[in-house]
Amino acid sequence: MAFLEVKNIKKSFGNTEVLKGIDFSLEKGQVLSIIGSSGSGKTTLLRCINFLEKPDEGEIIVNGETVMDDAAREGKLSEQELRRRRLHFGLVFQSFNLFPQYTAKGNLLLAAQLQAKERLKAQKLHKNKELVAAEMKAIEERADAILARMDLSDKAGHYPCELSGGQCQRVAIARALMLEPEILCFDEPTSALDPELTGEVLRVIRSLREENRTMIIVTHEMEFAKNVSDHVIFMADGVIEEEGTPEQVFDNPQSEKTRHFLSHDNK
């Protein structure tokens, strides 16, 4: 059984069918890149996987647990259960989506601290002040360690408006890592960056690749996708037009649509 299984995901907005039945699987530690023209359904697929959109049909299974099913689609889950299922995934948005009123470190702490408080409350341990303090200290130490990994220790007290685009995106990646997701997702992580800042974000993603993290990357950086991926999906018109290893898709595409897309992209 694959670590991630996506089965027959369909999604329409009104009369527009955006996803027409998407199926793929991913092994633990693999990197999947999803490429394709604007409007092909790439971002909608990623949003469905991360519970930001409810698919009309389909299942998502992570490590044997069905996390997207009829109950999730029909809104029958409690908020607590929905949040628990979402924690399988971490999403890094193309426009960062940092909270402007919080510092870089504050952006990392917010969700992790809320999660810890909710867990302690459920366990009826929230009135144990020493335990709560120890949990909060551990979260702060983790945030400091992740910021250091991102080479952002000196920016911990800076607000997003005081950071470059590349630094904001690294903070966004750090924030996603704070909740220790099993699958890390990126939605066009460099599209909002100037070319000179793109390299620093791609280097961070490569370093995560070397840690054998399971990742899904929607990207327009073809050379990067070719070098970092174990598997590549080319989407067109709401379906998977072609998929395979980077060598198969980039060096020997079988579909005319794939060849046209890659030829146009390289011009």
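Numbers here simply count residues along the sequence, with the first being 1.
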Of all heavy-atom pairs linking Phe3 and Lys28, the shortest is CB-N, 3.3 Å
Heavy-atom side-chain proximity of Thr103 to His158 below 4.5 angstrom: no
What about Val31 and Ile49, same hydrophobic cluster or not, with Ile/Leu/Val/Met/Phe/Trp/Tyr joined at side-chain heavy-atom distances under 4.5 Å? no
Glu243-His231 side chain donor-acceptor pair, cut-off 3.5 Å: yes
Any side-chain heavy-atom pair of Met215 and Cys185 under 4.5 Å: no
Would you say that Phe261 contacts Ser37 through its side chain, given a criterion of any heavy-atom pair below 4.5 Å between the two side chains? yes
Does the side chain of Val204 come within less than 4.5 Å of Met150's, by heavy atoms? yes
Transitively linked via ILVMFWY side-chain contacts under 4.5 Å: Leu197 with Val171? yes
What heavy-atom pair brings Pro160 and Asn107 nearest, and what distance separates the two atoms? CG-ND2, 4.2 Å
Roughly how far, to the nearest 0.5 Å, is the CG atom of Leu179 from the CZ atom of Arg142? 8.5 Å
Could you tabulate the donor-acceptor pairs under 3.5 Å formed by side-chain atoms of residues 124-132, not counting sequence neighbours?
{"from": "Asn128", "atom 1": "OD1", "to": "Glu130", "atom 2": "N", "distance (Å)": "3.3"}
{"from": "Asn128", "atom 1": "OD1", "to": "Leu131", "atom 2": "N", "distance (Å)": "3.1"}

Pairwise side-chain contact, Ile61 with Val67, heavy-atom cut-off 4.5 Å (strictly under): no
Does Glu223 reach the side chain of Asn227, with side-chain heavy atoms less than 4.5 Å apart? yes
Crowding at CD, Gln80 (>12 non-hydrogen neighbours, <6.0 Å): no
Asp151-Ser153 side chain donor-acceptor pair, cut-off 3.5 Å: no
Between Thr245 and Val232, is there a side-chain heavy-atom distance shorter than 4.5 Å? no
Inspect the contact between Lys105 and Asp144 and indicate whether a charged nitrogen and a carboxylate oxygen are less than 4.0 angstrom apart. yes
Those residues that, when tested against Leu77, pass side chain to side chain contact (heavy atoms under 4.5 Å, CB included) (two or more places apart): Ala71, Ala72, Glu81, Leu82, Arg85
In terms of side-chain geometry, is the basic nitrogen of Lys155 or Glu162 positioned less than 4.0 Å from the acidic oxygen of its partner? no
Is Leu208 reachable from Ile34 through a run of hydrophobic residues whose side-chain heavy atoms are each under 4.5 Å from the next? no
With side chain to side chain donor-acceptor pair (under 3.5 Å) as the test, would you mind laying out the steps for Glu241 and Ser255 before giving the verdict? CA-CA 7 Å; Glu241 178 70 19; Ser255 164; 2.7 Å; yes
Can you label the angle between the Phe99 ring and the Tyr102 ring as parallel, tilted or perpendicular, going by 30° and 60°? perpendicular
So the side-chain hydrogen bond (donor to acceptor under 3.5 Å, both in side chains) pairs with at least one residue in residues 180-201 (sequence neighbours excluded) are Thr43-Asp187, His88-Glu182, Gln94-Ser191, Arg170-Glu200, Glu188-His220, Thr190-Glu221
Is there a donor-acceptor pair closer than 3.5 Å between any side-chain N or O of Ser263 and the backbone N or O of Arg259? no
Going through the checks in order, is the side chain to side chain contact (heavy atoms under 4.5 Å, CB included) test met by Lys257 and Phe234? CA-CA 9 Å; Lys257 289 184 180 180; Phe234 169 64; 4.0 Å; yes
Indicate, with yes or no, if Leu32 and Phe250 share a hydrophobic cluster defined by side-chain heavy-atom contacts under 4.5 Å among Ile, Leu, Val, Met, Phe, Trp and Tyr. no
Selection residues 108-118 - residue pairs positive for side-chain hydrogen bond (donor to acceptor under 3.5 Å, both in side chains), sequence neighbours left out: Arg83-Glu118
Could you measure the distance from the OG1 atom of Thr44 to the CD atom of Glu53? Nearest 0.5 Å is fine. 6.5 Å
Side chain of Asn252, backbone of Gln248: donor and acceptor closer than 3.5 Å? no
What heavy-atom pair brings Val249 and Gly244 nearest, and what distance separates the two atoms? CG2-N, 3.5 Å
Roughly how far, to the nearest 0.5 Å, is the NZ atom of Lys226 from the CG atom of Leu262? 9.5 Å
By ring-ring contact (aromatic ring centres under 6.0 Å, His included) - contacts of Phe186 (at least two apart): none
Drop me the distance from Leu109's CG to Ile139's CD1, to the nearest 0.5 angstrom. 7.5 Å
Hey, which of Ile216, Ile217, Thr214, Leu177 is the one that makes side chain to side chain contact (heavy atoms under 4.5 Å, CB included) with Leu184? Leu177
Shared ILVMFWY cluster between Met222 and Val218, side chains joined below 4.5 angstrom? no
Can you see which heavy atom on Leu98 is nearest to which on Cys168, and at what distance? CD1-O, 3.6 Å
Worked verdict on Ile35 versus Ile233 for side chain to side chain contact (heavy atoms under 4.5 Å, CB included): CA-CA 6 Å; Ile35 62 173; Ile233 284 174; over 6 Å; no
For residues 4-25, tabulate all N or O donor-acceptor pairs below 3.5 Å that involve a side-chain atom, not counting sequence neighbours.
{"from": "Lys11", "atom 1": "NZ", "to": "Lys54", "atom 2": "O", "distance (Å)": "2.9"}
{"from": "Lys20", "atom 1": "NZ", "to": "Asp237", "atom 2": "O", "distance (Å)": "3.1"}
{"from": "Asp23", "atom 1": "OD2", "to": "Asn8", "atom 2": "N", "distance (Å)": "2.9"}

Mind listing the closest non-hydrogen atom pair of Ala116 and Glu135 along with its distance? CB-OE1, 4.3 Å
Answer yes or no: is there a donor N or O on one side and an acceptor on the other, between the side chain of Arg175 and the main chain of Leu108, under 3.5 Å? no
Can you find a pair of side-chain heavy atoms, one from Phe89 and one from Ile60, that are under 4.5 Å apart? yes
Using 4.0 Å as the upper bound for N to carboxylate O, is an ion pair formed by Arg84 and Glu65? yes
State, to 0.1 Å, how close Leu193 and Gly166 come at their nearest heavy-atom pair, and which atoms those are. CD2-N, 3.6 Å
